[in-house]
Amino acid sequence: MALRFGIMGAGRGSNFISSLKASGAEVVAICDSNEKKLARVLSENPALEGKTFTDYDEFLKTDMDGVILANYFCEHAPFAVKALRAGKHVLSETMSNITMAQGVELVRAVEETGKIYGLLENYPYTKPNMAMEALYKTGKLGKIVYGEGEYVHPMDAWEQNFMAPNPLHWRNWTPRTYYTTHGLAPIMQMTDCMPTRVTAMAAFAPEVAKNTALNTGDAAAILMIQTDNDAVFRVSGWSQFFPHGNNYRLCCTKGGCQINHATGQMRIGYAKAAKPDDVELLDADYDYDWPDPELGKYAEQAGHGGSDFWVIYYFVKAIEKGENPYWNVYRATAMASCAILAWRSILNGNIPYDIPDFSKEEVRKLWENDRISPYPDENGNVDIRCSSKPYAPTEEDLAYARAQWEREQ
């Protein structure tokens, strides 16, 4: 019998319907507070007639095996905990928790319910990143020493205001370290490393926020991460500089690899003494394919370079086998801890922080009451600022943003 899923979030979440079907699962319910979004999804998927919800608690009463969370970035942990305690497996699209206490609550809910939790972090599953992972795991490159992961997505004022259509929208309050999974997750998965320590610095350039409601004047945050095998990763969060692109690099004891963006091929280089016998050149570009070309046909039709398909597919198969996916709750919360503690590093003179191991209850107790958050309550109050230096949009900035929002409504 096919697994039955519900989707929370009719905007981004609607993109996962086809990948669920291609993975052999069914979509039996969809929830969103925005009725216009639900109507659009229903018009494209008439089989969901009578299966749309605006109330999350009512949605969770549906007879289904799992829930995909595609709601707002800063909301996932409470929604995930509620779904787990309602007896559903959970696949969460963005950062698993935005406070340390939420991470503790999430891990405890997974352990207490026995349900399967996965992070829907798709960037490890692009074709080039999967090829780099496959190469590293052959052992030909040796041990990872240094890795780089960059998520660079500059937005002009129009796009920022379009994506964040009110002053309290989460995108207007997100520190640059918080959106770090796209940079960190691929190199973690390629090398099977876990982060153990983090420090960070921010690049303050408030001109990038002109004519928007952004409450950060930072263009980028750069994280330096120590791993459990003594490697060092340099990772950027959501970066507002140029050129646009996502870049990953592995530097190892015998060789290294990265994607040549001019050709799309993978550049592989070896130390002279470590060149494999089946390799002709010390340094050359190579083509690559999906790990499973047949399934790759489905991936080619999915979003984000095919990665949306693979992360759904592997989660469905994990449930069918009764196994945890690679991005289980411990890896997810470790990555969230990097984002949260890197921001504290920036606000506290770039000091390093150890990454807690939430698989241990004695460690969780140390963080269970840490609810410090940069996201505003309904009155706009925050615990900590989201900019490395004090910054707020001017009245002129807000007037420009409001004028755009009114036009688009």
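Index from 1, following the sequence. The model shown is predicted, which means the values in this text are computed figures rather than measured ones.
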I'd like to know if [X] pairs up with [Y] as an ion pair, taking the criterion as any Lys NZ or Arg NE/NH1/NH2 lying under 4.0 Å from an Asp or Glu carboxylate oxygen.
X: K140; Y: D278; result: yes
X: E93; Y: R12; result: yes
X: E323; Y: K317; result: no
X: K137; Y: E133; result: yes
X: R371; Y: E105; result: yes
X: R364; Y: E111; result: yes
X: D218; Y: R176; result: no
X: E280; Y: K275; result: no
X: K272; Y: D283; result: no
X: D65; Y: R4; result: no
X: K297; Y: E300; result: no
X: E150; Y: R234; result: yes

Donor-acceptor under 3.5 Å ([X] side chain, [Y] main chain):
X: N350; Y: A200; answer: yes
X: N129; Y: Y125; answer: no
X: Y136; Y: I144; answer: yes
X: T126; Y: G305; answer: no
X: T177; Y: A342; answer: no
X: N260; Y: R267; answer: no
X: T227; Y: V232; answer: no
X: S387; Y: K389; answer: yes
X: Q102; Y: I98; answer: yes
X: Q258; Y: L250; answer: no

Answer with yes or no whether the side chains of [Y] and [X] bring together a donor and an acceptor at under 3.5 Å.
X: E408; Y: N161; answer: no
X: T174; Y: Y375; answer: yes
X: N122; Y: D308; answer: yes
X: S96; Y: T333; answer: no

Original post:
Is the distance between the ring centroids of H169 and Y72 less than 6.0 Å?
Top reply: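 Here the rings of Y72 and H169 have centres that are less than 6.0 Å from each other.
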
**OP:** Taking the six-membered ring for Trp and the full ring for Phe, Tyr or His, determine whether the centres of Y179 and H182 are under 6.0 Å apart.
**Re:**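 Yes; H182 has its ring centre under 6.0 Å from that of Y179.
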
**OP:** Show the numbers, then the answer: is there a salt bridge (charged side-chain N to carboxylate O under 4.0 Å, His left out) between D57 and K82?
**Re:** CA-CA 9 Å; D57 291 330; K82 186 172 280 192; 3.1 Å; yes

Does atom [atom1] ([X]) have a neighbourhood of more than 12 heavy atoms from anything else shown, all under 6.0 Å?
X: E49; atom1: CD; answer: no
X: E361; atom1: CD; answer: yes
X: F162; atom1: CZ; answer: no

Rounded to the nearest 0.5 Å, how far apart are [atom1] of [X] and [atom2] of [Y]?
X: S92; Y: I68; atom1: OG; atom2: CD1; value: 10.5 Å
X: K143; Y: N229; atom1: NZ; atom2: CG; value: 5.0 Å
X: M335; Y: T180; atom1: CE; atom2: OG1; value: 8.5 Å
X: M194; Y: D228; atom1: CE; atom2: CG; value: 7.0 Å
X: I340; Y: D370; atom1: CD1; atom2: CG; value: 8.0 Å

**OP:** Taking the side chain as every heavy atom from C-beta outward, state whether L48 and N45 have any pair of such atoms under 4.5 Å apart.
**Re:**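 With C-beta onward as the side chain, the pair touches.
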
Original post:
Taking side chain as C-beta onward, heavy atoms only, is Y270 less than 4.5 Å from V279?
Top reply: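 The answer is yes, as the side chains (C-beta and beyond) meet within the 4.5 Å cut-off.
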
Original post:
Can you list the steps and then say if T196 with D354 is a side-chain contact (heavy atoms from CB on, under 4.5 Å)?
Top reply: CA-CA 6 Å; T196 58; D354 291 330; over 6 Å; no

**OP:** Quick one: do R40 and E44 satisfy salt bridge (charged side-chain N to carboxylate O under 4.0 Å, His left out)? Show the steps, please.
**Re:** CA-CA 7 Å; R40 179 185 59 78; E44 297 168 354; 3.5 Å; yes

Original post:
What's the verdict on side-chain hydrogen bond (donor to acceptor under 3.5 Å, both in side chains) for H76 and N71, showing C-alpha distance, side-chain angles and the deciding distance?
Top reply: CA-CA 7 Å; H76 280 231; N71 49 328; 3.2 Å; yes

**OP:** Might you work through the ring pair (Phe, Tyr, Trp, His ring centres under 6.0 Å) test for Y56 and F79, ending with a clear yes or no?
**Re:** CA-CA 9 Å; Y56 187 62; F79 279 70; 4.6 Å; yes

Subject >> Stepwise ring pair (Phe, Tyr, Trp, His ring centres under 6.0 Å) test for Y151 and Y123 >> reply: CA-CA 10 Å; Y151 175 59; Y123 276 54; 5.8 Å; yes

Original post:
Does the pair N247 and H261 meet the rule for a side-chain hydrogen bond (donor to acceptor under 3.5 Å, both in side chains), with working shown?
Top reply: CA-CA 9 Å; N247 305 293; H261 289 281; 2.7 Å; yes

Nearest heavy-atom pair of [X] and [Y]: which atoms, and what distance?
X: V107; Y: F358; answer: CG1-O, 3.4 Å
X: Y288; Y: G264; answer: OH-O, 2.7 Å
X: M8; Y: F59; answer: N-CZ, 4.1 Å
X: A2; Y: E26; answer: CB-OE2, 3.7 Å
X: M100; Y: L341; answer: CE-CD1, 4.2 Å
X: D287; Y: Q265; answer: OD1-NE2, 3.0 Å

Subject >> Stepwise salt bridge (charged side-chain N to carboxylate O under 4.0 Å, His left out) test for E112 and R85 >> reply: CA-CA 9 Å; E112 291 166 10; R85 298 203 181 282; 2.8 Å; yes

**OP:** Establish, for the pair R331 and Y326, whether the NZ or CZ atom is under 6.0 angstrom from the six-membered ring centre and no further than 45 degrees off its axis.
**Re:**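 Satisfied, under 6.0 Å and within 45°.
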
**OP:** Apply side-chain contact (heavy atoms from CB on, under 4.5 Å) to V311 and Y313, showing your working.
**Re:** CA-CA 6 Å; V311 70; Y313 175 82; over 6 Å; no

Original post:
Looking at W173, W170, Y178, which hits side-chain contact (heavy atoms from CB on, under 4.5 Å) with P374?
Top reply: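 So, applying the side-chain contact (heavy atoms from CB on, under 4.5 Å) to P374 and each of W173, W170, Y178, only Y178 qualifies.
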
Original post:
Can you name the one residue among W238, F242, F241 that meets side-chain contact (heavy atoms from CB on, under 4.5 Å) with P154?
Top reply: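 One option only clears the test, and that one is F242.
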
